[in-house]
There are 2 protein chains.
Amino acid sequence: MRDPLPSLPGYSLRRAANAAAAELASRLGELNLRQVDASLLILIGENPDVTASALGRQLDIQRANMVPLLKRLEDAGLIERKAIDGKSQGLTLTAQGAEITQQARTMIERFEAELLARIPAQHRDHLLPALDALWR
Amino acid sequence: MRDPLPSLPGYSLRRAANAAAAELASRLGELNLRQVDASLLILIGENPDVTASALGRQLDIQRANMVPLLKRLEDAGLIERKAIDGKSQGLTLTAQGAEITQQARTMIERFEAELLARIPAQHRDHLLPALDALWR
DNA sequence: TATTGTTATACTCTATAACTATA
DNA sequence: TATAGTTATAGAGTATAACAATA
């Protein structure tokens with residue numbers, strides 16, 4: 001079939017992102033985590049007592065949508081909430097959450113290394129700077 | 001906030017793809033098209049009498065999900081179906097569909113050019129080959 | 001007045017299973 | 001037996017509006 005779409009960077013960007021996301025989702029599934037769960041756990045681990053609102057701003061997730069995401073992590077025993085003041089809650093990893101987060105980080109690092117390994121060497125180091133220019 | 005995620009190519013891939021998709025969606029909205037509509041119209045224009053199943057295979061969209069997509073394009077008067085044999089239907093653009101498709105292609109080409117222009121020159125030509133290695 | 005956390009809700013996208021009819 | 005088109009449905013993901021309580 002004639003298909004001019006793959007020559008478009010924006011189209012290839014979406015297809016590559018979808019392919020990578022599907023593969024990572026499959027691997028993180030072994031830890032009963034989705035990508036967004038892993039992102040939240042990593043950020044909470046790096047920023048103890050961070051608030052739900054701050055996490056949402058960092059990940060471009062709206063406040064209202066953070067509620068079920070955090071509830072899921074809390075129900076799984078991976079994070080804890082404690083009141084900072086009357087209206088804010090600080091989030092931290094539980095011991096179990098820290099352990100799962102470390103496993104997820106190891107898994108993600110391996111995945112990222114494998115992703116890069118698929119890219120021909122002469123293009124490899126250009127991917128991240130090029131992507132950064134598109135969203136940061 | 002400490003955030004190690006942007007250093008991960010897979011994460012940046014998703015963020016860049018989302019940012020690009022949101023912007024293109026906004027522009028195509030002026031033509032009352034979504035990205036998937038534009039992709040379908042372009043492929044149908046390039047491949048007259050293509051079947052719904054073949055389109056789905058090319059775009060990794062399942063047969064069942066093609067039904068509402070094509071119905072929408074047909075209801076908008078952009079595509080037509082005519083029986084190839086007892087079970088297959090050939091899809092073609094209507095005159096109006098061809099016109100809208102041309103407008104979409106012009107819009108997309110401008111968008112793609114602007115995307116590439118944002119990437120520093122020394123990285124620009126590496127993006128598409130790097131992405132291709134991740135999904136093709 | 002702005003922000004935090006929350007509830008409720010709706011819409012889109014996608015995945016799965018099943019069915020009919022035809023090649 | 002495999003394929004094309006379709007229907008129905010369920011699950012994610014996301015967007016919007018509104019509310020109470022607090023900074």
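Protein chains get the first letters and strands the later ones, always in sequence-line order, with residue 1 at the start of each.
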Side-chain donor or acceptor of A/N47 paired with backbone N/O of B/M1 under 3.5 Å: no

Rounded to the Å, how far apart are A/M66 CE and D/dA15 P? 14 Å

Correct closest heavy-atom pair for B/P9 and A/L131 would be O-CD1, 3.9 Å

Counting only side-chain N and O atoms of A/S88, is one of them less than 4.0 Å from OP1 or OP2 of D/dT22? no

Smallest separation among heavy atoms of A/T51 and A/L91, with atom names: C-CD1, 4.2 Å

In the structure I gave you, are the side-chain heavy atoms of B/E46 and A/D3 within less than 4.5 Å of one another anywhere? no

Bounded by its outermost nucleotides with an atom under 4.0 Å from a heavy atom of chain B, the footprint on DNA chain C reads C/dC13 to C/dA23

Is the side chain of B/R14 donor-acceptor paired with the backbone N or O of A/A17 at a distance under 3.5 Å, no angle test? no

Protein-to-nucleotide contact annotation, 5' to 3' order, nucleotides 16-21 of chain D [B base; S sugar-phosphate only; - none; under 4.0 Å, heavy atom]: BB----

Between P of D/dG5 and NZ of B/K82, the distance in whole Å: 15 Å

Taking all non-hydrogen atoms of both residues, which atom of B/G90 and which atom of B/I84 are closest, and how far apart? N-CG1, 3.4 Å

What pairs with B/E99 under side-chain hydrogen bond (donor to acceptor under 3.5 Å, both in side chains), at least two apart in sequence or on another chain? none

So, do A/Q103 and A/T106 sit near enough that their side-chain heavy atoms are less than 4.5 Å apart? no

Is A/D75 paired with A/R72 through a side-chain N to carboxylate O contact shorter than 4.0 Å? no

Nearest heavy-atom contact between B/V50 and B/A54 is CG2-CB, 3.9 Å

For a 4.5 angstrom cut-off between non-hydrogen side-chain atoms, does A/L127 reach B/L127? yes

Identify the heavy atoms of A/R27 and A/E23 that sit nearest to each other, and give their distance. NH2-OE2, 2.8 Å

Whole-Å distance between D/dA2 C1' and B/D85 CG? 14 Å

What residues 16-47 of chain B contributes to the DNA chain D interface at heavy-atom separation below 4.0 Å is none

Answer yes when A/R105 and A/E112 have at least one side-chain N-carboxylate O distance shorter than 4.0 Å, and no when they do not. no

Whether B/D37 side chain and B/R34 backbone form a donor-acceptor pair below 3.5 Å: yes

Between the first and last five pairs of the helix from C/dT1-D/dA23 to C/dA23-D/dT1, the angle of the axes, rounded to 10 degrees: 20°

Looking at every heavy atom in both A/A52 and A/L70, which two are closest together, and how far apart are they? CB-CD1, 3.4 Å

Among residues 67-81 of chain B, which contact DNA chain D at a heavy-atom distance under 4.0 Å? B/V67, B/R81

